[in-house]
Structure formats: C-alpha cells, structure tokens
Amino acid sequence: MLDIQVLRNDIQSVEKKLESRGFSLDVACFQALEAQRKSVQTRTQELQAQRNAASKAIGVKKGRGEDASVILAEVASIGDELKANEARLEEIQEEMQEFLLAIPNIPHESVPFGLSEADNVEVMKWGQPKHFDFEARDHVSLGEGLAGLDFETAVKLAGSRFTLMQGPVARLHRALGQFMLDLHTGEHGYVEVYVPYMVNAESLRGTGQLPKFEEDLFSVAGGYYLIPTAEVPVTNIVRGEILSLDALPMKFVAHTPCFRSEAGSYGRDMRGMIRQHQFDKVELVQIVHPEKSYEALESLLGHAEEILRRLDLPYRVVSLCTKDMGFSAAKTYDIEVWLPAQKAYREISSCSNFEAFQARRMQARFKTEGRNELVHTLNGSALAVGRTLVAILENYQLADGSVKIPEALYPYMGGLEVIPAS
RNA sequence: GGAGAGGUGGCAGAGUGGUCGAAUGUACCUGACUCGAAAUCAGGCGUAGGUGUAAGCCUACCGUGGGUUCGAAUCCCACCCUCUCCGCCA
C-alpha cells in the first residue's frame, strides 16, 4: 500500500511512476473520493464533538439532580444527521481502502524501465553452461529413467501439475531442503522458523496477495488459504507489531510447501515439475531498517546465489524491469538457472525489496526517536526446491541416464554419489 | 466434543451506564538530589486519524463485529481467542 499522504500531496508523480509498470492510476477517482472524505469526515467529527459535549452536560446535570430535558431535546436533533454522516464516512473510507489496496508499489529508481519480459536486464552470469557429448535429456525423461519421478501416478492421486517422487530422487529432494536450511542458518545468520501452511485472509492482505490475486490461491474450509509462499506467514510475524530498534534486522528462513492454483497459466510448462500446484521452497525473509533495505537486498540475493554456487549450477541474475515485477515489489532480482534440455536459463529464485509497501498494509513498525516508523520487508527464494532438483537432474546427467550427486549434498545422501538408471 | 473462567495501556491490575483514554503499581524517558550509582522526589510516557503555518484543538480506539442509549470499557447479541477440568487424539 502506498502512503496516502503522498497521493494527497503529489499524485501526478505517483501516476507517472506507476505508468512505467503499465498501471494507470485513476487520479480523478482518488481526488473525488478524497474531497468527499474530507467534507464528510470534518462534518462527522464536528457533530460527534457536539454530541459528546451535550452528553457530558447531561451527565453533570443528572449528577446534581437537575433537569436535563432541554439539552436532551437539543442533542436529539443531532442524532439523525450524525448517523447518516457516520454511515457515509464509513462507506467512503472503505472505498478509499479498496482503492489503495489495489495500487501496486512504486518501482525503485534503479529498476530498468520496460514493458515486457524482454526488457529485463542481465546483471551477472556465473558458471559455464555445460555441453554434453550426447543429447541432453530433460528431467522428465531422466526422472522416469531413474524410477524417481512419476507424473502418471500423481495424476491419479491428485491431477495434473503434481509430482510423485520415489527412492533416491525423493531423498535428493529432501536433501536439498536440508542443505539450504543448514547453509542459511549456519552461515548466513537466519533464524529457522516453522510456520502454518494455511493462513487467514488478513495475512494475505498484509503481503499483498489479497484482495487482488485471490484466483491464484487455494482456499480451504474454515476461511483458510493454503500458503502460495512462506513469505506470507513469515513476513506476517511482524504484522501489527512495534519493534524496538535493536530488534532489527530480523532474518528468518523457512522451508515450506507452496500451493498455487496457476490460474491463467494453462498450457504453460505442462510437462514436468517446473510449474506445479504444490512445490517446496526455502524462503528467506528480512525485516530491516528503511535505510538498510537495499543493502539487505544485495546480501539476500547473495545468500540465494550461494546455494547455486555450492551446487555448481550455472546461473545468471536479472533485474526485472518495471512491467515484469510483482505487484508489491519495489525492486526484484530473479536468479535463473541453466537447464541444458531447454538450452535456456529458467527462474529458480526471486528476491525482492518491498520497502514499506507490505509494512504499511501490516502496520509493522519500529520505535525511533519520538515516533514509530514503518519497517522495510524483503524476501527471496533460496531456493525453489523442485526447480533445483530439476536443475541437478539435467546438469548432472551422464550419458547412460544416471545422475551424479553434487558433492555438497554427499553428507545428506548417505554416501550415494550417483543415482543409477534403472 | 462437554463444563467452567476470562480477554482493559510494555507488563501487572482496578473500573459494571455519565467530567473514564481509563485509578494504582511496575517498566521506560527527562529533571532534581549525588563525586557517581542506588534509593528518594517532580514531571513525562498508548495507537490511528482529522484540522491548523504553528502552539494547539478535535475524532476514534478497553478481543472483533453488530445492537440498546442523549451517553457504553461497563448492558444485550454474534463471533474470535486464551486458560482450567473432562473426553478424544499425533
């Protein structure tokens, strides 16, 4: 959510900045609402003050045993107008809230301008895409050859966009989650958290998934939603809190499944486990002082990259352009890993600084001299576990269809160094 | 699932229709005293919003949402949550 004061004072410049992400801000609507709000609110508060004064006077008179019928008659005449004004004010404020909740974040000045994915800017590249002296197979073919990935049975169990993993491949998947958690807690200073996999609507509003993107979520009985990312429960830890200055920065890591309806992506990535309704992810979240958030974004990105380096997987980092960024982000880096079968870099992590956008929705603040200030929030995948598994299968494949285990994972694989083709 | 108790400021804890945004204690901040500290004394100390150049003034908030009333922390209704006991369960 944007600061309403900024909209009041300088809506033109906000409009211009949002244009760069392809969002057209309805300035006239805002100004009309704001004008109404101002007059109705002023009048309402005036009437409330009158009523309060009269009620107080009645109390005083009655306390003395005097007659209060004159004032009572007076205050009765306020009643209807007050009620009407209060009701109207509430309507206007709700409308205003809805309006504000639907506005995306303003891109940071360092974000490249662009109107499509093609305008994303490559920031750096690490490692050499491997070439094989045989035709590289994709993870679906490899996984089935290892008796490790079974999409047909997953369809029977649940439907499309689910995976059944078995044997060493299932173990490799588990190993990856463990490896990532251990690295971030052991070397990068994150506190491991275990969180609910279902959350309420308020949490989703806090991080920006609601009210605009309900169709991307799975909702379940009882008013809960399955989390689309650990970002939601983890970031909402600080919702409604006023933190002490020395509590910052807070750094959390969580390994959770994520559930996404993938509405609107029919036909995209239907093959394999690139795009699933359920996938595991290790998520980093930082709650930081506003002056430190861009520093924090770079370090968080580095923490995610470190996983790929230790696994020796070639990748590149791109800075998303204005149009391609998510709703809540002020700046986003994607990390893309090399997939030999697709001969392309594919997204495996997304690291974003939300500045105060989520904090304002959540009312997450910290105490400074004299007043309370909104924190900045950041998060990033480090990494998407399923896609990392895909990357390992494809990058570590051997000519006979067996797959080597990255050395960093040996301790987690009980000595297994190669998953043999069956 | 059954029975009971309860949700008030950072914490503890009063307040059951009226000058209550809320006593008191404690924590915290400032000042005095002190060589310094402790103790003591004085003052300050919630959040959000409106309005104003400002000082300030005003409004809302006592789990949440409704209702009754001139007036609600206090009365009524619904919901949420916490605790205790019983049952069940990983």
Side-chain angles (χ1 to χ4, degrees), chain A residues 1-9 11 30-101 194-206 210-211 219-225 233 236-248 250 257 356-375:
Chain A
M1 195 157 69
L2 302 181
D3 185 353
I4 192 166
Q5 297 297 351
V6 174
L7 290 177
R8 283 174 185 152
N9 298 333
I11 196 163
F30 175 81
Q31 284 170 341
L33 256 180
E34 174 62 7
Q36 281 183 65
R37 192 226 95 227
K38 193 162 178 164
S39 79
V40 175
Q41 181 164 2
T42 316
R43 181 64 185 152
T44 304
Q45 294 188 347
E46 203 177 290
L47 290 169
Q48 283 170 331
Q50 274 178 38
R51 182 206 56 200
N52 290 348
S55 294
K56 208 170 248 189
I58 292 168
V60 171
K61 286 223 174 220
K62 290 210 165 169
R64 291 193 196 126
E66 294 171 21
D67 174 47
S69 57
V70 178
I71 313 178
L72 254 143
E74 235 175 72
V75 80
S77 66
I78 300 177
D80 285 348
E81 193 189 350
L82 178 57
K83 228 170 210 162
N85 271 280
E86 280 176 338
R88 182 75 191 115
L89 180 61
E90 196 177 325
E91 268 173 41
I92 293 168
Q93 280 175 332
E94 257 166 46
E95 234 176 292
M96 182 61 95
Q97 188 70 2
E98 246 171 78
F99 182 86
L100 293 174
L101 286 174
Y194 172 86
V195 295
Y197 299 161
M198 293 189 271
V199 293
N200 55 35
E202 228 174 303
S203 293
L204 288 155
R205 205 173 308 122
L210 288 180
S219 64
V220 296
Y224 298 114
Y225 294 85
N236 274 280
I237 289 173
V238 297
R239 187 176 81 224
E241 299 293 324
I242 299 174
L243 307 162
S244 68
L245 182 60
D246 58 14
L248 302 179
M250 296 171 94
F357 188 85
Q358 295 179 326
R360 187 170 293 108
R361 288 169 164 248
M362 294 190 300
Q363 282 302 300
R365 293 156 295 172
F366 68 98
K367 267 212 178 316
T368 55
E369 284 295 311
R371 71 199 157 126
N372 300 322
E373 216 180 313
L374 295 166
V375 297

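As the structure is a computational prediction, the values presented were derived from the model and not from experiment. A, B, ... follow the sequence lines: proteins, then strands. Residue 1 opens every chain.
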Colleague: Can you find a heavy atom in the side chain of A:Arg365 that is under 4.5 Å from one in the side chain of A:Gln363?
Modeller: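 A:Arg365 vs A:Gln363: side chains touch.
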Colleague: Could you tell me whether the side chain of A:Val6 reaches within less than 4.5 Å of the side chain of A:Ile11, counting heavy atoms only?
Modeller: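 No - every pair of side-chain heavy atoms lies 4.5 Å or more apart.
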Colleague: Would you mind classifying the nucleic acid contact of A:Ala54 as base, sugar-phosphate or nothing, using non-hydrogen atoms under 4.0 angstrom?
Modeller: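 Here A:Ala54 touches no strand at all.
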Colleague: Would you call A:Arg205-A:Glu202 a salt bridge at under 4.0 Å N-O?
Modeller: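 Salt bridge flag = no for A:Glu202 with A:Arg205.
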Colleague: Establish, with yes or no, whether the OP1 or OP2 oxygen of B:G71 is under 4.0 angstrom from a side-chain nitrogen or oxygen of A:Asn52.
Modeller: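 Result: no.
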Colleague: Using the P atom as the reference point in each nucleotide, state the distance between B:C45 and B:G56 in Å, no decimals.
Modeller: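 Looking at atom P only, B:C45 and B:G56 are 11 Å apart.
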Colleague: For A:Arg360, which contact category applies under a 4.0 Å heavy-atom criterion: base, sugar-phosphate, or nothing?
Modeller: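 Nothing, no heavy atom under 4.0 Å.
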Colleague: Taking the side chain of A:Lys56 as its heavy atoms from C-beta onward, which of B:G21, B:U51, B:G71 lies nearest to it?
Modeller: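 Side chain of A:Lys56 sits closest to B:G21.
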Colleague: Where the side chain of A:Glu90 is concerned, which of B:G66, B:G50, B:U47 is the nearest nucleotide?
Modeller: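 Nucleotide nearest to A:Glu90's side chain: B:G66.
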Colleague: Among the candidates B:U19, B:A60, B:G18, find the nucleotide nearest to the side-chain atoms of A:Val60.
Modeller: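 My answer, after comparing the listed nucleotides, is B:U19.
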Colleague: In Watson-Crick or G-U wobble terms, both distances under 3.5 Å, what is the partner of B:C61?
Modeller: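 When the pairing criteria are applied, B:G46 turns out to be the nucleotide that pairs with B:C61.
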Colleague: Please state whether the phosphate of B:A60, meaning OP1 or OP2, lies under 4.0 angstrom from any side-chain nitrogen or oxygen of A:Arg51.
Modeller: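 Yes, A:Arg51 has a side-chain N/O under 4.0 Å of OP1/OP2 on B:A60.
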Colleague: Without decimals, in angstroms, what is the distance between A:Asp80 CG and B:C70 P?
Modeller: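 That distance rounds to 11 Å.
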Colleague: Do A:Tyr224 and A:Ser219 have side chains that get closer than 4.5 Å, going by heavy atoms?
Modeller: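 No, every pair of side-chain atoms sits at 4.5 Å or beyond.
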Colleague: In whole angstrom, give me the gap between the C1' atoms of B:A23 and B:C62.
Modeller: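 It works out to 14 Å between them.
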Colleague: Do A:Met250 and A:Leu243 touch side chain to side chain, with heavy atoms closer than 4.5 Å?
Modeller: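 With C-beta onward as the side chain, the pair touches.
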Colleague: Scan every strand shown for a Watson-Crick or G-U wobble partner of B:U40, both distances under 3.5 Å, and answer none if you come up empty.
Modeller: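 Paired with B:A32.
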Colleague: Under 4.0 angstrom, heavy atoms only, what part of the nucleic acid is A:Lys62 near: base, sugar-phosphate, or nothing?
Modeller: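 The residue A:Lys62 makes base contact.
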Colleague: Rounded to whole Å, how long is the line connecting atom CG of A:Asn85 with atom C1' of B:G49?
Modeller: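 Distance, rounded to whole Å: 17 Å.
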Colleague: For B:U68, which nucleotide is its Watson-Crick or G-U wobble mate, given both distances must be under 3.5 Å?
Modeller: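 Its partner is none (no Watson-Crick or G-U wobble pair with both distances under 3.5 Å).
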Colleague: In whole angstroms, how far is the P atom of B:G10 from the CZ atom of A:Arg365?
Modeller: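 To the nearest whole Å, that distance equals 11 Å.
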Colleague: Roughly how many Å is it from CD in A:Glu46 to P in B:U59, rounded to a whole number?
Modeller: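 Those two atoms, CD and P, are 11 Å apart.
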Colleague: Given B:C80, is OP1 or OP2 found less than 4.0 Å from the side-chain N or O atoms of A:Asn200?
Modeller: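 No, outside the criterion.
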Colleague: Could you give the distance separating B:G46 and B:C20 at their C1' atoms, to the nearest angstrom?
Modeller: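 Here B:C20 and B:G46 have their C1' atoms 15 Å from each other.
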Colleague: Look at all strands and tell whether A:Arg43 reaches a base, only sugar-phosphate, or nothing, counting heavy atoms closer than 4.0 Å.
Modeller: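 The residue A:Arg43 makes no contact with any strand.
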Colleague: So do A:Val199 and A:Asn236 actually touch side chain to side chain, heavy atoms under 4.5 Å?
Modeller: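 Not touching, per the 4.5 Å side-chain cut-off.
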Colleague: Roughly, in whole Å, what's the span from CG in A:Leu47 to C1' in B:C58?
Modeller: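 From A:Leu47 CG to B:C58 C1': 13 Å.
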Colleague: Across all strands, who's sitting opposite B:G10 as a Watson-Crick or G-U wobble pair, both distances under 3.5 Å?
Modeller: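 Base-paired to B:U26.
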Colleague: Rounding to an integer number of Å, can you tell me how far A:Phe366 CZ sits from B:U47 C1'?
Modeller: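 These atoms are roughly 17 Å apart.
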Colleague: Provide the distance between the two P atoms, one in B:G17 and one in B:U74, to the nearest whole Å.
Modeller: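 It works out to 11 Å between them.
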Colleague: Counting just side-chain N and O atoms, does A:Lys38 come under 4.0 Å of either OP1 or OP2 of B:U51?
Modeller: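 Affirmative; the distance criterion is met.
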Colleague: Between B:G71 and B:G52, how far is it from one P atom to the other, in whole Å?
Modeller: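 Straight-line distance between the two P atoms is 29 Å.
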Colleague: Name the residue closer to the 5' end of RNA chain B, choosing between A:Gly59 and A:Gln50 according to the nucleotide with the nearest heavy atom.
Modeller: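 Final value for this comparison: A:Gly59.
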Colleague: For B:C76 versus B:G21, give the span between their C1' atoms, rounded off to a whole number of Å.
Modeller: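 Looking at atom C1' only, B:C76 and B:G21 are 24 Å apart.
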Colleague: Mind checking A:Gln5 for me? I need base, sugar-phosphate or nothing, with any heavy atom below 4.0 Å counting as a touch.
Modeller: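 Answer is sugar-phosphate: A:Gln5 comes under 4.0 Å of backbone atoms only.
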Colleague: Taking atom C1' in both B:C81 and B:U64, compute the distance separating them and give it to the nearest angstrom.
Modeller: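 Pairwise C1' distance, B:C81 against B:U64, rounds to 10 Å.
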Colleague: Distance check needed: B:C70 C1' versus A:Lys83 NZ, whole Å only.
Modeller: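 In whole Å, B:C70 C1' lies 11 Å from A:Lys83 NZ.
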Colleague: From the set B:A48, B:G50, B:C58, return the single nucleotide nearest to any side-chain atom of A:Ala49.
Modeller: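 Closest of the options to the side chain of A:Ala49: B:C58.
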Colleague: Taking the C1' atom of each, how far is B:A42 from B:U47, in whole Å?
Modeller: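 B:A42 and B:U47 have their C1' atoms separated by 27 Å.
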Colleague: So which nucleotide does B:A5 pair with, by the Watson-Crick or G-U wobble rule with both distances under 3.5 Å?
Modeller: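 Base partner found: B:U82.
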Colleague: Apply side chain to side chain donor-acceptor pair (under 3.5 Å) to residues A:Asn200 and A:Ser203 and explain how you reach the verdict.
Modeller: CA-CA 6 Å; A:Asn200 55 35; A:Ser203 293; 3.1 Å; yes
Colleague: When the distance from CD of A:Glu86 to C1' of B:C58 is rounded to whole Å, what number comes out?
Modeller: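 Distance, rounded to whole Å: 15 Å.
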Colleague: Whom does B:C89 pair with, Watson-Crick or G-U wobble, provided both distances fall under 3.5 Å?
Modeller: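 By the stated definition (distances under 3.5 Å), nothing pairs with B:C89.
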Colleague: Between A:Arg37 and A:Glu95, is the closest basic N to carboxylate O distance under 4.0 Å?
Modeller: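 So A:Glu95 does not pair with A:Arg37 through a salt bridge.
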